[in-house]
Amino acid sequence: MPFRIFCRVLVLVLCSTALTVYLASHSIGTVVVTALTCSLLLQLAYFASVLFLIWRSGCVSRAGQRAEHFDSCKEVRSEPPDLDEVTNESPDLLQRDQMLAISLLLP
């Protein structure tokens, strides 16, 4: 939200709040305190929303950097192992896998 629109909305909200409080309480002091409180809360909300937008844009840029890094890693990817390498496992490794499978079946 541009600052100009924010100022217009701020004035509109403050005037309507002041009018409503005056019609309800007929006290100028209460109107002043309520208007100042409302103004402070609106300014805090605006400041928090700006901080949120800055934080979110930082997250988006970091995500874009991660995506670029991922794309560069995909370009340099290695070849998958040959089928011969996978099927020619050592007998010790096969025996260990069988023992592990048996031990998982036992209670």
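A quick note: this is a predicted structure, and the numbers were derived from the prediction, not measured.
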Mind checking side-chain hydrogen bond (donor to acceptor under 3.5 Å, both in side chains) for [X] and listing every partner two or more places apart, or none if nothing turns up?
X   : result
S16 : none
T30 : S27
T37 : none

Tightest non-hydrogen contact, residues L14 and S39, listed as CD2-N, 3.6 Å
Identify, with sequence neighbours excluded, every residue that meets side-chain contact (heavy atoms from CB on, under 4.5 Å) alongside [X].
X   : result
I28 : Y22, V32
V13 : V9, T17, C38, L42
R56 : F52, L53

Tell me who clusters with [X], hydrophobic residues only, linked when side chains sit under 4.5 Å apart either directly or through other members.
X   : result
L23 : L19
L41 : none
L40 : L44
V33 : none

Residues which pass ring-ring contact (aromatic ring centres under 6.0 Å, His included) with F47, listed by chain and number, not counting sequence neighbours: none
Would a single hydrophobic cluster contain both I5 and F3, if residues Ile, Leu, Val, Met, Phe, Trp and Tyr are joined by side-chain heavy-atom contacts under 4.5 Å? yes
Is a side-chain N or O of S49 found less than 3.5 angstrom from the main chain of Y46, in a donor-acceptor match? yes
